[in-house]
Q: 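Here you go, one structure.
Chain letters run A, B, ... following the sequence lines, proteins first, then strands; residues in each count from 1.
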Number of protein chains: 2
Amino acid sequence: MQHIYFDEKKKVLKLLDQRYLPSREDWFECAGTEDIVYALQQMVIRGAPAIGVTAAYGCVLAALESGGTSTWEATLEKNLELIEHARPTAANLAWAVRGMQDAWRSKSIFSSEELADFWLQEALSLHQEDIRINKMIGAHGRELLDSGDTVMTHCNAGALATGGYGTALGVVRAAVEQGKEIRVIANETRPFLQGARLTAYELAGDNIPVRVACDNACGLLMQKGLVQKVVVGADRIAANGDTANKIGTYPLAVMAQRHGILFYVAAPFSTFDAKTPSGWYIPIEQRDPGEVKYMAGQMIMPRDVDVYNYAFDVTPQELISGIITEKGVFAPGELA
Amino acid sequence: MQHIYFDEKKKVLKLLDQRYLPSREDWFECAGTEDIVYALQQMVIRGAPAIGVTAAYGCVLAALESGGTSTWEATLEKNLELIEHARPTAANLAWAVRGMQDAWRSKSIFSSEELADFWLQEALSLHQEDIRINKMIGAHGRELLDSGDTVMTHCNAGALATGGYGTALGVVRAAVEQGKEIRVIANETRPFLQGARLTAYELAGDNIPVRVACDNACGLLMQKGLVQKVVVGADRIAANGDTANKIGTYPLAVMAQRHGILFYVAAPFSTFDAKTPSGWYIPIEQRDPGEVKYMAGQMIMPRDVDVYNYAFDVTPQELISGIITEKGVFAPGELA
């Protein structure tokens, strides 16, 4: 399933629109910076590694649209800024945009057309590299799972959250490919329902047994002994190992600790942000109240009542049993 | 707001239909046992004390419909059984039905009509008594709240969950009536959304400041210092103080303990079940998967994927700071 696809003929980035999955498989076309920013902010695509891959292709579109004048570099700079700041929490967004800029600096490139060509090759290889990294995360992580395990996961850290294959779901996939019997409980993950909509969709598509539960059922399911491991993705890992991930991850980690269940984070090194000393410094995005207030177009609460809609929370490093990366499994403090 | 109302002329019980609040204020009419069982099972009405009040009125309808034959007592017995077992977790259901039966035993009653008349007076007084008890719970509980507190609550333990006034929300109401400034964070409470739909509706109606949050935001909101107290209701309290309440209460209690936030249960003595030694023996209802799979009539996950839909979880007594009852505030172990 390739859900991010650069159409070289039409010069557009095609994204499988995650807002409507699994009921509709629509493709969203990005022709320039504005579309990329919209796609990121409206969560046409989401998941830290996928945001990074999208941003890399976004740089290509930004280069294409900035061409034709003598001030193209200034225009480009402004567009790259817009992409880099489309969302505040995922470390992979700035990592990708800055990575593209760094690659450019080491080359002699004199026009926006030349830059777009160069960046397209960079973006394609970053995309392929992301899939390769996910498979390496899977190869390291699967050793932590035992046949017969039920893995609880939160949000979607699967193929749809990455260039392909997935981080947390990559670990599950790799274990299944190894012949292990793994079941998954996908927390539905309010308000955007990435677990119910995307994780369940991906795993069912791969014939990996999956069951959906409301986020607040985690305590009971653990009490009943129905969960052996928890594996989640990450949006930003601070220097000390504190990890920002989809809202609800922190209570899940606390419940796992209480029940003696190992709690793993699976993420590429691009999610690690050495400049952020601890979780307290990670900016937490607040999103549109409408995401909580409406469901399937229907208002589910009194119109005038306000909501909280923080998109992420921070799991303190002491609750994390290990961080599964492409270079192996690390204790949270070891990454710095 | 009287949401349970026995129409003596038409001999029907009218219930404000909680499935459609706050978008529609429909009334559901119960003319007999079948309607009562339907209303309880489909959650036209819910909340342990409200279930008890409804069951008491349900006994009146059961008596009315069993009349006319020499075997009316056997028919009645069967109907009472159906009501008593409509839902398994709330202690107040059996408490109410058995209470009506006990009251009958002490009287000389020879016909179903006579019994219905007698039971109607009993049900009306049980209903009034429930409201009085809630106000006493409020009077005891408000001493635990400080002006300026934000109280997090889960599900709906308000007027709509009781004969009127509410248990957990009764505590909030009583504190506000005392002149304290209290704000409430209502967890939306998936899958039935009692928090978003009912708690927010009740409190907004009373001009008590309320904000809705997804259940999985509890960790972040506590980390941010936005919660000073947690007050919830109860569906059954075991002899040792372990408390069954709406799914998600247990993780909330664990998070409150981690953050040094006092966690209170507010419930009438009718919720206390001395015959159940601990939480492990409380039957936990599993409900229709459709409640999780559909939202506003739209399927939010792949059709063939299964779900968990346990309706309650059990909070171990050591996580409970106090149980607020009509007789005062008790340590969980003190109730037995």
Q: Does A/T153 reach the main-chain N or O of A/A186 with its side chain, forming a donor-acceptor pair under 3.5 Å?
A: no
Q: For each of B/V210, B/L220, B/D304, tally heavy-atom pairs with chain A at distances under 4.5 Å, and name the one with the top tally.
A: B/L220
Q: Would you please say whether a donor-acceptor pair under 3.5 Å links the side chains of A/Q18 and A/Y201?
A: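 Distance-only check fails for A/Q18 and A/Y201.
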Q: Report which part of A/E188 has an atom under 4.5 Å of a heavy atom belonging to chain B: side chain, backbone, both, or neither.
A: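 The side chain, not the backbone.
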Q: Checking side-chain polar atoms at under 3.5 Å, does A/D235 have a donor or acceptor matched by the opposite partner on A/T89?
A: no
Q: Quick one: of A/L221, A/V212, A/L198, who has the most non-hydrogen atom pairs under 4.5 Å with chain B?
A: A/V212
Q: So how far is it from B/I45 CD1 to B/L16 CG, rounded to the nearest 0.5 Å?
A: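 B/I45 CD1 to B/L16 CG: 8.5 Å, rounded to 0.5 Å.
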Q: Which answer fits A/L226, side chain, backbone, both or neither, if we ask what part of it has an atom under 4.5 Å from a heavy atom of chain B?
A: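 It is the side chain, since no backbone atom gets that close.
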Q: Go through the atoms of A/L193 and report whether side chain, backbone, both or neither lie under 4.5 Å from a heavy atom of chain B.
A: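 Just its side chain gets close to chain B.
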Q: Among A/G248, A/A204, A/G297, who wins on heavy-atom pairs under 4.5 Å with chain B?
A: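 Looking at each of A/G248, A/A204, A/G297 in turn, A/G248 comes out on top.
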Q: Please classify the contact of A/P22 with chain B as side chain, backbone, both or neither, using a heavy-atom distance under 4.5 Å.
A: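 Just its side chain gets close to chain B.
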Q: Just by distance, no angles: are the side chains of A/Q317 and A/N240 close enough, under 3.5 Å, to form a donor-acceptor pair?
A: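 There is no such pair (donor and acceptor under 3.5 Å, judged by atom type) between the side chains of A/Q317 and A/N240.
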Q: Which bit of A/L203 comes within less than 4.5 Å of chain B, counting heavy atoms only: side chain, backbone, both or neither?
A: neither
Q: Looking at B/M299, B/M295, B/K224, B/R190, which one has more heavy-atom pairs under 4.5 Å with chain A than the rest?
A: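 When all of B/M299, B/M295, B/K224, B/R190 are compared, B/R190 has the most.
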Q: Below 4.5 Å from any heavy atom of chain B, which atoms of A/D215 appear? Answer side chain, backbone, both or neither.
A: side chain
Q: So which part of A/M255 gets closer than 4.5 Å to some heavy atom of chain B, the side chain, the backbone, both or neither?
A: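 For A/M255, side-chain heavy atoms alone lie under 4.5 Å from chain B.
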Q: On the six-membered ring of A/F192, is A/R46 placed so that its NZ or CZ lies under 6.0 angstrom from the centre and within 45° of the ring axis?
A: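 No; the conditions do not both hold, so A/R46 does not lie above the ring face of A/F192.
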Q: The test is side chain to side chain donor-acceptor pair (under 3.5 Å); show your working for A/R258 and B/Y250 and say whether it passes.
A: CA-CA 12 Å; A/R258 182 176 166 93; B/Y250 166 46; 2.8 Å; yes
Q: Using non-hydrogen atoms and a 4.5 Å limit, figure out which bit of B/K246 sits close to chain A: side chain, backbone, both or neither.
A: neither
Q: Distance under 6.0 Å and angle within 45° of the ring axis: does B/R211 meet both against A/Y308?
A: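 So B/R211 does make the cation-pi contact.
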Q: Non-hydrogen atoms of chain B under 4.5 Å away: do they reach the side chain of A/K293, the backbone, both or neither?
A: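 No part of it gets close to chain B.
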Q: Among the options B/V307, B/D313, B/L252, pick out the one with the most heavy-atom pairs lying under 4.5 Å from chain A.
A: B/V307
Q: Do B/E285 and B/Y310 pass the side-chain contact (heavy atoms from CB on, under 4.5 Å) test, and can you show the C-alpha distance, the side-chain angles, and the key distance before you say yes or no?
A: CA-CA 6 Å; B/E285 180 180 7; B/Y310 291 96; over 6 Å; no
Q: Between B/A217, B/P289, B/P251, B/A213, which shows the greatest number of heavy-atom pairs under 4.5 Å with chain A?
A: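 The residue among B/A217, B/P289, B/P251, B/A213 with the greatest pair count is B/P251.
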Q: Just checking, B/K229 and B/Y264: is the charged tip under 6.0 Å from the six-membered ring centre and within 45° of the axis?
A: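 Cation-pi check for B/K229 and B/Y264: fails.
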Q: Could you tell me which of B/I300, B/V292, B/T249, B/T315 has the largest number of non-hydrogen atom pairs under 4.5 Å with chain A?
A: B/I300
